[in-house]
Novice: 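What follows is a structure written as structure tokens; I'll ask about it next.
Along the sequence shown, the residues carry numbers beginning at 1.
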Amino acid sequence: MSVTTTAGARLRAAGGGANRWVVLVVLCVSLLFVALDATVLHVAVPAVTEDLRPSGVELLWVVDAYPLICASLLILFGTLGDRVGRRRVLLIGYGLFGAASAVAAFAPTPEVLIGARALLGVGGAMIMPATLSILRDVFPDRRERAMAIGIWTAVAAIGAATGPVLGGFLVEHFWWGSVFLINIPLMALILPVGRWLLPESRGSADGPWDVLGALTAAAGVLGVVLGVKRLGGGDRVLDAGTLGPLLVGAVLLAVFVRRQRRREHPLIDMQMFTRAAFSSSVGCIILAMLALVGLELIAVQYLQLVLGLSPLETGLRLLPLTFAAMAAGATGSYTLHRVGPRRMVGWGFVLTAASVLLLTVMGQHDRPWLLTAAFVLLGFGLQSTLFGAYESMLSEAPAHQAGGAAAIGETSYQLGAGMGIALLGSVMNAAYAPAVTALSGVPDRASAAAAHSLGEAYQVADTLGGPAGHALRTTARHSFVHGLHVTLLVSAGLLLVGALAALKLPRMMESAVDKCPRQRLPEVSIPAGREPAEAAGSGRAAH
């Protein structure tokens, strides 16, 4: 074979030969960038604050602009990829992601950094559903696709867990902008590699793309996610800044659903939600992320503020969770084939609930082996759940709706994460605050400030000093552990609800080859003099 492999040969190789695994590597690297950028900035926030001096609102938008914009645009770009080509959207996302990273790395003001983070969110929204929908198209065999999804989900777990560690290393040795600068050489490499290797694919091109519907969905998701994030930040439900976005977002999403049902050629076929397997998979993704993100946030506070571990020690304690999630992703295809989606997702929820209940044994003293065992069970169970839910959702969706289905899955992922912080954070605060505010011998203003969080309680206690400060510190510490136990019990209940939802999934994988119709390749005209192998096309000309 010549070095200059033809475009058509590349497409056939990617779709049916060994090269489809090379395509998977490219897609996983793409996902790694997006997952890293979701968490890499967290440890750089103090350095950003010291350098750019943002206001409290500006700092909030520096952190939240990326996930907010990314979540709101997933449906827009997922369905656009189905129409104009998923590879085309993915490559544009690469370019935008790299350019926005350069702007963010050298941002001179908070406003510029916020704008760059928003552009990163746009690029991430173009990349995330495209990777999953191309994966769906490149692996038509369901067993192979299950293995590919397992690797894909494991990479997502690696990226999210590696972000804070990598960010901490870069900030310590360089400057805060380096957490963005690392994207540029990697994007410069993957853009030509993706252009050369990735096959083009698209769904049905019947009818015009519903621009108004796509914008309505984007605005609706933005409102809901913004409201949920404000709840997670401690705002009350009835606050105008929380209730307003939630109501507007819900109304716009209802309008979007009604519009899609009436259109002859909808962006997303709402009939997919009438299939129990599809809707149940989406619900399971939301419940799994709701439990995971809220628990991780509270676990980090427990490890640092109650057990007194350093940030590095905290990261090391969380590594077993990540390794267990990687193992679950790597073995997910075998497990799914042996036990089927229903048992894999259902027992994944049950295993996670058991690990959460095991964590209730933890108190104010360090029990490293117990904590490690619980984190291993938590990581393996939750990743098994996410794996089975994603695989069932993609397999249930028609091939021509792969981009829309992937966007729904990723949006559910983001919504579940935001809801987890809001719900479990509210439960934690409701259980923690009463004992702190009722403490006698402490000024009302001091106890009110201490009721916000354990970290603030320690600061107030240090300021007070003496018996009052010691009493406040001790009470806050005991109250936090009590709140942790209550939150774990609520989380376990939600996980068991997820196990019940999993009963609507298929008992077994129906066949090795997906039951959905195969993707029809786009018609490409054959210029004179071209050999037939090139006529199949790879999408290179789709730029």
Novice: Under a 3.5 Å distance rule, please check whether S72 uses its side chain to pair with a backbone N or O of I69 as donor and acceptor.
Specialist: yes
Novice: So, using side-chain hydrogen bond (donor to acceptor under 3.5 Å, both in side chains) as the criterion, who are the partners of R473 when residues are at least two apart?
Specialist: D462
Novice: May I ask you to decide if L181's main-chain N or O and S178's side chain share a donor-acceptor pair within less than 3.5 Å?
Specialist: no
Novice: Between the main-chain N or O of P434 and the side-chain N or O of T437, is there a donor-acceptor pair closer than 3.5 Å?
Specialist: yes
Novice: With a 4.5 Å limit on heavy-atom distance, are the side chains of V345 and S384 in contact?
Specialist: no
Novice: Okay, side chain of S355, backbone of T352: is any donor-acceptor separation there less than 3.5 Å?
Specialist: yes
Novice: Counting N and O atoms only, with roles assigned by atom type, does the side chain of R477 sit under 3.5 Å from a partner on the main chain of Q364, one being a donor and the other an acceptor?
Specialist: yes
Novice: Is the side chain of T385 donor-acceptor paired with the backbone N or O of F349 at a distance under 3.5 Å, no angle test?
Specialist: yes
Novice: Is it true that, when you exclude F323 itself, more than 12 heavy atoms of the residues, nucleotides or ligands shown sit nearer than 6.0 Å to its CZ?
Specialist: no
Novice: Please answer whether the main-chain N or O of Y66 pairs with a side-chain N or O of R117 as donor and acceptor at a distance below 3.5 Å.
Specialist: no
Novice: Which atom names give the shortest non-hydrogen contact between A353 and A492, and what distance separates them?
Specialist: CB-O, 4.0 Å
Novice: Under the salt bridge (Lys or Arg N to Asp or Glu O under 4.0 Å) rule, what pairs show up with a residue in residues 347-357, not counting sequence neighbours?
Specialist: none
Novice: To the nearest 0.5 Å, how far apart are SG in C70 and CD1 in I127?
Specialist: 9.0 Å
Novice: Could you tell me which non-hydrogen atom of L76 sits nearest to which non-hydrogen atom of A218, and how far apart they are?
Specialist: CD1-CB, 4.4 Å
Novice: Please name all residues satisfying side chain to side chain contact (heavy atoms under 4.5 Å, CB included) with Q459, sequence neighbours left out, ordered by chain then number.
Specialist: none
Novice: With sequence neighbours left out, write down each residue that passes side chain to side chain contact (heavy atoms under 4.5 Å, CB included) with S447, or none if nothing qualifies.
Specialist: V442
Novice: With A501, which residues qualify under side chain to side chain contact (heavy atoms under 4.5 Å, CB included), at least two apart?
Specialist: C284
Novice: Are any non-hydrogen side-chain atoms of V103 and V112 less than 4.5 angstrom apart?
Specialist: yes
Novice: Determine whether a donor-acceptor pair (N or O, by modelled atom type, separation under 3.5 Å) exists between the side chain of S479 and the backbone of T475.
Specialist: no
Novice: Is P108 close to L113 at the side-chain level, that is, under 4.5 Å between some pair of heavy atoms?
Specialist: no
Novice: Under 4.5 Å between any side-chain heavy atoms of L321 and V376, yes or no?
Specialist: no
Novice: Mind jotting down which residue pairs meet the salt bridge (Lys or Arg N to Asp or Glu O under 4.0 Å) criterion with at least one end in residues 482-501? Sequence neighbours excluded, please.
Specialist: none
Novice: Quick check: does any side chain N or O of H485 sit under 3.5 Å from a backbone N or O of L359, one acting as donor and the other as acceptor?
Specialist: no
Novice: Under the side chain to side chain contact (heavy atoms under 4.5 Å, CB included) rule, what do T109 and L52 come out as? Steps first, then yes or no, please.
Specialist: CA-CA 6 Å; T109 65; L52 300 183; 5.9 Å; no
Novice: Are any side-chain N or O atoms of Y302 and backbone N or O atoms of G363, one a donor and one an acceptor, separated by less than 3.5 Å?
Specialist: yes
Novice: To the closest 0.5 Å, what do you measure between CG (L500) and CG (L495)?
Specialist: 11.5 Å
